[in-house]
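Each remark here refers to the structure printed beneath this line.
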Amino acid sequence: MDNWHATFKQGTVSMLSLIPITFFIIIFFVFQKSKIAPSWRISFLSASLVWGLLLTTITEFLSLLGLIGFCEILGAWILSIILSLIYLLRVFQVNSGNYKLNLHLKLTGISSFEILSLAGIIFIIIIVGVIGWISPPNTWDSMTYHMSRVMHWIQNRSVLHYPTHILRQLHQNPWAEFSILHFQILSGSDLFANLIQWFSMVGATIGVSLIAKQLGASLRGQVFTAVISVTIPMGILQGSSTQNDYVASFWLVCFSYFAILLKDNGKPLYSLAVGASLGLAILTKATTYIYAFPFMIWIGLSLIKSLRIKGLWLIALILIIVTAINFGHYSRNYDLYSNPLGPGKEGENFKYSNDIFTIQSVVSNAIRNIGLHISTPFKRVNSLLESGIYKLHRVIGIDPNDTRTTWGGTEFHISGLSRHEDSAGNLLHLALIIATIPVIVLRQWKQKDSIYYLVCLVGAFILFSLYLKWQPWNSRLHLPLFILWAPLIGLSLSKIRLHNTANLYIAILLLGALPYVLTNRSRPIVSQESIMATSRIKLYFRNRPSLIEPYISSAQFILKSQCTDIGLMLGIDDWEYPFWILLRENAKRTIRIEHVNVANISQVKSNEYPFNSFTPCAIIVVSNNLPNEVNILDVIYLRKISSNPIGVFMQK
């Protein structure tokens with residue numbers, strides 16, 4: 001129970017982190033008492049958008065002034081709380097002092113099974129939240145760039161680009177990390193870092209039930225939709241991590257819901273909500289351009305057809321808001337890359353987009369993307385499925401590992417079931433999606449919104465396969481699609497006349513979710529190596545335990561040397577964040593960490609203040625071929641200690 005006690009002790013001194021949450025609660029009540037949001041679910045989504053926009057504004061404004069710090073962040077949130085409280089009191093006054101809140105759940109007529117389903121949803125969400133709170137960030141991307149960029153921003157007091165060997169720290173869309181940044185500064189730790197994804201899991205579960213309602217689902221269908229969304233294996237595994245796919249999914253759910261409302265009502269207020277949610281989705285992850293595009297076509301054509309000129313103005317308003325939200329990130333990327341979207345690659349052989357755009361390439365990518373979700377517990381079955389996909393590629397006339405459509409250095413294979421957030425598939429949910437398509441087409445063809453919604457999802461998947469190279473970890477990027485499919489699946493299951501059959505499917509999903517909830521490979525709660533009984537330091541290295549000794553020994557050597565300015569020489573995929581934890585949290589002095597000898601495009605930032613005044617007293621080199629000495633600005637540093645793959649170098 002060592003890690004549990006350490007986490008609890010750390011949590012007791014992190015109460016200031018509740019201040020941003022307090023603002024969210026106040027805004028939620030504002031929507032509850034106003035006529036804008038008629039239900040608590042809509043109030044939740046609306047308050048989330050306001051919270052996300054405010055966080056973005058605070059971050060970008062303070063960054064411009066170079067004032068990202070504890071006092072400034074705290075002051076901005078306190079001021080926001082005071083203003084929101086004043087507004088909340090005015091809302092109460094307008095409503096003639098009626099202080100009652102519309103929080104009832106309207107569960108009239110709900111069956112016992114549906115109540116049990118809701119209990120299952122709550123159980124999954126609570127356990128995933130506990131895991132996210134107890135466990136530190138430990139996914140590969142967290143160690144390389146998600147958490148590392150947060151530490152650089154705190155050190156630089158700005159989110160401006162800086163010299164780095166890992167360019168993903170710069171050009172990748174930053175909203176999820178903006179959120180982590182605020183909680184990291186206020187709490188002085190990464191205790192709340194995983195909870196950004198967890199909150200998004202809660203929000204997406206609420207949001208998809210609203211989409212289902214908008215598509216015509218009964219209360220039963222809405223409950224089923226929530227179950228389907230919350231039991232997605234990739235979602236469960238990511239819900240306790242610092243990946244950003246669930247955050248992007250949540251904003252896309254908000255976008256889809258408010259887009260349907262805008263299409264039906266044409267109110268400018270819904271246009272604001274669509275623009276805000278799409279802007280935040282894009283600021284979180286670039287794949288949302290692809291997923292949102294078909295929906296924008298659908299909604300745009302509907303608005304132009306029904307409202308003519310007003311429809312064009314509503315569309316323009318959406319685009320203006322999206323651009324405004326992303327302007328800061330666009331401008332930083334343009335300054336460094338001469339492209340607001342960044343370089344589109346992580347190296348010469350690591351380009352995100354396909355090099356060819358043919359029918360064969362689209363079919364190949366679609367087949368392989370689907371193939372990521374058909375793994376079974378049986379090796380024989382997996383081998384047959386893989387062999388079948390390779391044969392199918394020979395028929396369509398393209399290599400399944402064609403470098404023009406495949407991420408560098410990877411090959412397509414079907415492995416066993418995975419409980420890791422980088423590779424898990426969603427087999428049961430894929431089967432439901434495939435079964436849903438003919439049901440929607442044949443039984444819901446008169447319900448145009450359901451048909452158009454289905455077409456948008458299919459179109460988004462085709463666009464994904466058309467534009468992006470196949471990667472072994474693409475299943476992680478598919479999470480928004482699976483979540484957005486949940487309303488159609490829930491709607492279809494609720495229409496089945498044999499209720500027991502539909503109930504069986506839901507029960508299977510809930511039971512099938514348990515291994516992913518309890519035995520997450522990176523953060524297991526039921527295991528001999530449970531997060532409840534493992535030290536926090538060991539948990540950081542859960543996915544690469546062989547690095548514990550080299551990282552700790554190098555950090556201890558530097559701390560004993562009294563060195564305060566430390567340079568890093570890393571590869572494009574090396575782990576950086578553990579150095580921040582081991583050096584800064586254990587030091588009794590201020591430690592500065594900067595990348596040195598940067599050879600990529602961000603090297604130009606080394607000539608700018610404050611990076612041009614940095615002279616390290618020690619260099620940490622991560623490499624499988626450690627040199628005996630390194631040269632930094634004509635200063636020679638000799639290797640003092642090494643523990644593969646890390647060496648510490650000091651001035652000669």
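Positions are given from 1, in the same order as the sequence printed here. When reading the values below, keep in mind they use all heavy atoms of this one structure, side chains included, and skip hydrogens, waters and symmetry mates.
In summary, Asp422 and Arg521 do not engage in a salt bridge, as defined by a charged side-chain N under 4.0 Å from a carboxylate O. Contact check on Arg523 versus Glu421 returns a salt bridge, with a Lys/Arg side-chain nitrogen under 4.0 Å from an Asp/Glu carboxylate oxygen. Note on Arg476 versus Asp141: salt bridge recorded, some NZ/NE/NH1/NH2 to OD/OE distance being below 4.0 Å.
Using modelled atom types, one finds no donor on one side chain facing an acceptor on the other under 3.5 Å when comparing Gln238 with Gln243. For the 3.5 Å distance criterion, the side chains of Lys285 and Asn244 qualify, holding a donor opposite an acceptor. Between the side chains of Trp140 and Asp573, at least one donor-acceptor pair of N or O atoms lies under 3.5 Å. A donor-acceptor pair shorter than 3.5 Å cannot be found between the side chains of Glu411 and Asn401. With hydrogens and angles left out, the side-chain atoms of His429 and Thr231 include a donor and acceptor closer than 3.5 Å. No side-chain donor from either of Arg542 and Thr534 sits under 3.5 Å from a side-chain acceptor of the other. Looking only at atom types and distance, the side chain of Ser111 has no donor-acceptor partner in the side chain of Arg220 under 3.5 Å away.
Judged by distance alone, the side chain of Thr410 and the main-chain N or O of Thr406 form no donor-acceptor pair under 3.5 Å. A donor-acceptor contact shorter than 3.5 Å is absent between the side chain of Asp574 and the backbone of Leu570. The main-chain N or O of Ile260 is never found under 3.5 Å from a side-chain atom of Asp449 such that the two would form a donor-acceptor pair. Of the possible donor and acceptor atoms, none in the side chain of Ser387 sits under 3.5 Å from a partner among the backbone N and O of Ser383. Here the side chain of Gln222 pairs no donor or acceptor atom with the backbone of Lys213 at under 3.5 angstrom. Within the 3.5 Å criterion, the main-chain N or O of Ile206 finds a donor-acceptor partner in the side chain of Ser209. For Ser492 (side chain) and Val439 (main-chain N/O), no donor-acceptor pair under 3.5 Å exists by modelled atom type. Checking side-chain atoms of Gln169 against main-chain N and O of Arg149 turns up no donor-acceptor pair under 3.5 Å. The closest donor-acceptor contact from the side chain of Trp473 to the backbone of Ser423 lies at 3.5 Å or more, if one exists at all. Looking only at distances, no side-chain donor or acceptor of Ser142 sits under 3.5 Å from a matching main-chain atom of Met147.
Side chains of Tyr453 and Leu484 form a contact here, defined as non-hydrogen atoms less than 4.5 Å apart. Within the 4.5 Å cutoff, the side chain of Leu457 has no heavy atoms near those of the Tyr291 side chain. Residues His420 and Asn543 form a side-chain contact, since some pair of their non-hydrogen atoms from C-beta on lies under 4.5 Å apart. Phe178 has its side chain out of reach of Val150: every pair of non-hydrogen atoms, C-beta onward, lies at least 4.5 Å apart. Using a 4.5 Å heavy-atom cutoff, the side chains of Leu493 and Ile228 are in contact. With a 4.5 Å cut-off on side-chain heavy atoms, Ile531 and Leu539 count as touching. Looking at Thr205 and Ile121, their side chains come closer than 4.5 Å, going by heavy atoms from C-beta outward. No side-chain heavy atom of Asp355 sits less than 4.5 Å from a side-chain heavy atom of Asp402.
Taking the six-membered ring for Trp and thresholds of 30 and 60 degrees, Phe350 and Trp407 have ring planes inclined between 30 and 60 degrees apart.
For an aromatic pair to be called close, the ring centres must be under 6.0 Å apart, and Phe482 with His373 satisfies this. Ring pair Phe199/Phe44: centre-to-centre distance below 6.0 Å. Ring centers of Trp198 and Trp133: at least 6.0 Å apart, outside the cut-off. A distance of 6.0 Å or more separates the ring centres of Tyr467 and Tyr352. Between His478 and Phe464, the ring center distance clears the sub-6.0 Å criterion.
Annotation for Phe541: atom CZ counts as buried by contact number, over 12 foreign heavy atoms lying within 6.0 Å. By the neighbour-count criterion of 12 heavy atoms within 6.0 Å, atom CZ of Phe412 is densely surrounded, having more than that number from other residues, nucleotides or ligands. Within a 6.0 Å radius of OH in Tyr390, more than 12 heavy atoms belonging to other residues, nucleotides or ligands are found. Around the CD1 atom of Ile359, the shell of radius 6.0 Å holds no more than 12 heavy atoms that belong to other residues, nucleotides or ligands. The number of heavy atoms from other shown groups lying within 6.0 Å of CZ (Arg544) is above 12.
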Does the side-chain contact (heavy atoms from CB on, under 4.5 Å) test come out yes or no for Leu491 and Ser450, once each step is laid out?
-> CA-CA 9 Å; Leu491 177 64; Ser450 297; 3.7 Å; yes
Salt bridge (Lys or Arg N to Asp or Glu O under 4.0 Å) between Lys538 and Glu529: does it pass, once the steps are laid out?
-> CA-CA 10 Å; Lys538 285 186 178 181; Glu529 298 179 334; over 6 Å; no
Report the C-alpha separation of Asn426 and Leu479 in whole Å, then their side-chain angles, then the decisive distance to 0.1 Å, and conclude whether the side-chain contact (heavy atoms from CB on, under 4.5 Å) test is met.
-> CA-CA 9 Å; Asn426 308 313; Leu479 180 61; 5.6 Å; no
Can you check side-chain contact (heavy atoms from CB on, under 4.5 Å) on Glu386 and Lys391, steps first, answer last?
-> CA-CA 9 Å; Glu386 181 180 316; Lys391 290 177 181 178; over 6 Å; no
What do the steps show when you test Arg536 against Asp190 for salt bridge (Lys or Arg N to Asp or Glu O under 4.0 Å), and what is the final call?
-> CA-CA 11 Å; Arg536 196 167 179 86; Asp190 56 21; 2.8 Å; yes
Can you check side-chain contact (heavy atoms from CB on, under 4.5 Å) on Ile548 and Ile552, steps first, answer last?
-> CA-CA 6 Å; Ile548 296 178; Ile552 290 179; 3.5 Å; yes
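Atom OG of residue Ser494 and atom NE2 of residue His499 lie 8.0 Å apart, to the nearest 0.5 angstrom. Taken to the nearest 0.5 Å, the OG atom of Ser522 stands 5.0 Å off from the CG atom of Asn138. How far CE of Met296 is from CG of Leu278: 6.5 Å, rounded to the nearest 0.5 Å. In this structure, Ile356 CD1 and Ser361 OG are separated by 5.0 Å, a value rounded to the nearest 0.5 Å. Rounding to the nearest 0.5 angstrom, the gap separating the CG atom in Asn503 from the CD1 atom in Ile508 is 11.0 Å. Between Thr242 atom OG1 and Tyr145 atom OH the span is 9.0 Å, to the nearest 0.5 Å.
Across all non-hydrogen atoms, the minimal contact from Ile414 to Leu385 is CD1-CB, 3.7 Å. Summarising the geometry of Ile440 relative to Ile451, their closest heavy-atom pair is O-CD1, 3.6 Å, with the distance given to 0.1 Å. Here the closest heavy-atom approach between residue Val208 and residue Ser229 is recorded as CG2-CB, 3.7 Å. Between Gly459 and Pro294 the shortest heavy-atom distance is C-CG, 4.0 Å. Minimum heavy-atom separation, Pro377 to Leu417: CG-CD1, 3.5 Å. When all heavy atoms are compared, the tightest approach of Ser249 to Ile483 is CB-CD1, 3.5 Å.
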